[in-house]
Amino acid sequence: MPDLHPITRQLLEWYRVHARPLPWRESPHPYATWLSEVILQQTRVETGTAYWHRFLEQYPTVKDLAEAPIESVMRSWKGLGYYSRARNLHAAAKAVMDQRDGQLPILAADWRALPGIGDYTAAAIASICHGEAVPVVDGNVQRVLSRLFDIADPVDRKSGRDAIRAWSEALVSEATPGASNQAWMELGALVCKPRNPACPDCPVREACLARQRGTWADRPVKQPKKKQVTMTVDFDVAIRKVDSRWEWWVERRPDRGIWGGLESFPATLTEGAGRDRDPQSVWGPVDHILTHRRLTGWFHLHTGDAASDLARCHPGGSWIPLDDADRAWPRMVDKVLPELRSRAVKN
DNA sequence: AAGCCGGGGCA
DNA sequence: TGCCCAGGCTT
């Protein structure tokens, strides 16, 4: 067994003092840790914490999660983004119940086989909950190690990834891998931040090559990202009145693609900014930014026969009450619900 | 290897 | 505006 690397020893002392009291650290168990790691994929701790509490409350065990309808899980995930995480989480819970007799994996390799669990998440759970000495590499670790060892290769190419991987394996604590993994991430989150890193507070500053060489602002090196594509989204909102109560037509979007698995008014996405719509007949524009798309939304209101026709053209959807709020739509739809409600009532 | 997938916060 | 966030899946 390799000795504890002196740099990691320094780091662990710092971590014992400065670790944030995050709720999933209080008494970690595999199910709760799994939930936290999936929720936190590409999601800030401040954003994910409330969702984690809600998920544990609504689905206390993997059995509860597996038996919950997917609509419920999607609704719980609403607003978090990257909705394939919710579908994969639910599928993995069912796989655990059906194929593993309800027993969660122990080894990272077995966690890795479940949907929605990649190298990072598998290593995080196995190291934190079972002491398996596998290193984690997330965005924090990429940044911290690329600075510490002044890695000039892009971290999103093989050469850079290999360098980060090699250092992470050399640095992981064999005795307390869960602590050292979380400590490296915590250092990135609290001290070695993307901008304005707090180098004077850093427990490993003496060893940091980027600090010595003045290259810290240029680490990590990443490939330039492509520009966002502009797209137009036309929503068809069909409304009708039944027994003095308003309803409208929603459909579930396919699992693949934007807002997969979420509910929405029937929507048509077209490339480009699109022609201006007539403000008399539609509500808009509503701008919305995704990671790789810049969307402009227009909402077309249909009533009477036009509403019936639209519903017929989109089988698989359903009429739902206008005041039904607790459903899993994307933020884009949420943004305009109040306006659409007031327009519907006037109609 | 590259593209796709949300939403929000911050300089 | 652009970048980043306890990434993973598909092609």
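Any value given below was found using the heavy atoms of this structure, including those in side chains, with hydrogens, waters and symmetry copies removed. Order of the sequence lines fixes the chain letters, A, B, ..., with proteins taken first and strands second; residue numbering starts at 1 for each chain.
With both ends at atom P, the span from B:dG8 to C:dG8 equals 22 Å, rounded to whole Å. A gap of 16 Å separates the P atoms of B:dG6 and C:dT11, to the nearest Å. Comparing the C1' positions of C:dA6 and B:dA11 gives an interatomic distance of 22 Å, to the nearest angstrom. Nucleotides C:dC5 and B:dA1 place their C1' atoms 23 Å apart, quoted to the nearest Å.
Checking side-chain atoms of A:T49 against main-chain N and O of A:E46 turns up no donor-acceptor pair under 3.5 Å.
Contacts of A:G48 with the nucleic acid, taken as non-hydrogen atoms under 4.0 Å apart, are absent. Within the nucleic acid shown, A:T291 comes within 4.0 Å of at least one base atom, counting heavy atoms only. At a threshold of 4.0 angstrom between heavy atoms, the contacts of A:W24 include nucleobase atoms, whether or not backbone atoms are also involved. Counting non-hydrogen atoms under 4.0 angstrom, A:R112 reaches the backbone sugars and phosphates but no base. Heavy atoms of A:V136 sit nowhere under 4.0 angstrom from any nucleic acid atom. Contact annotation for A:G188: no contact, since no heavy-atom pair falls under 4.0 Å across all strands. Here A:T121 lies in heavy-atom contact (under 4.0 Å) with sugar-phosphate atoms only. Across all strands, A:L22 comes closer than 4.0 Å to base atoms (heavy-atom distances). Within 4.0 Å (heavy atoms only), A:I39 reaches no atom of the nucleic acid at all. Contacts of A:G118 with the nucleic acid, taken as non-hydrogen atoms under 4.0 Å apart, involve only primed sugar atoms and P, OP1 or OP2.
Remark: A:W283 engages no residue in a ring pair (Phe, Tyr, Trp, His ring centres under 6.0 Å) (not counting sequence neighbours).
Nearest-nucleotide mapping onto DNA chain C: of A:L114 and A:M185, the residue sitting toward the 5' end is A:M185. Position along DNA chain C of the nearest nucleotide to A:E37 versus A:N88 favours A:E37 as the more 5'-ward residue. In terms of position on DNA chain B, the residue among A:R85 and A:R157 whose nearest nucleotide sits closer to the 5' end is A:R157.
The side chain of A:K226 contributes an N or O atom lying less than 4.0 Å from OP1 or OP2 of B:dG3. Under 4.0 angstrom from either OP1 or OP2 of B:dG7 there lies at least one side-chain N or O belonging to A:H288. Checking the phosphate oxygens (OP1, OP2) of B:dG7, a side-chain nitrogen or oxygen of A:W259 falls inside 4.0 Å. Put simply, A:H292 has no side-chain N or O that comes within less than 4.0 Å of OP1 or OP2 on B:dC4.
A donor and an acceptor atom, one from each side chain of A:Q182 and A:R25, are located under 3.5 Å apart. Side-chain contact annotation: A:Y120 with A:E37, donor-acceptor N/O pair under 3.5 Å present. With no hydrogens or angles considered, a side-chain donor-acceptor pair links A:T61 and A:D64 at under 3.5 Å. Side chains of A:T43 and A:Y51: a donor-acceptor N/O pair is absent below 3.5 angstrom, by distance only.
If you run ring pair (Phe, Tyr, Trp, His ring centres under 6.0 Å) between A:W52 and each of A:Y59, A:W24, A:W34, only A:W24 comes through.
Below 30°, between 30° and 60°, or above 60°: for A:W259 and A:H288 the angle between ring planes is between 30° and 60°, a tilted geometry. Aromatic ring pairs are classed by plane angle as parallel below 30°, tilted from 30° to 60° and perpendicular above 60°; the pair A:H300 and A:H302 is parallel.
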From CA spacing to verdict: ring pair (Phe, Tyr, Trp, His ring centres under 6.0 Å), A:F55, A:W77: CA-CA 9 Å; A:F55 259 83; A:W77 202 268; 5.6 Å; yes
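No close placement of the A:Y15 and A:W184 rings is indicated, their centers lying 6.0 Å or farther apart.
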Contact list (N/O, under 3.5 angstrom) for nucleotides 9-11 of chain B vs protein:
none

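Note that the first and last nucleotides of DNA chain C, 5' to 3', having any atom under 4.0 angstrom from a heavy atom of chain A are C:dG2 to C:dT11.
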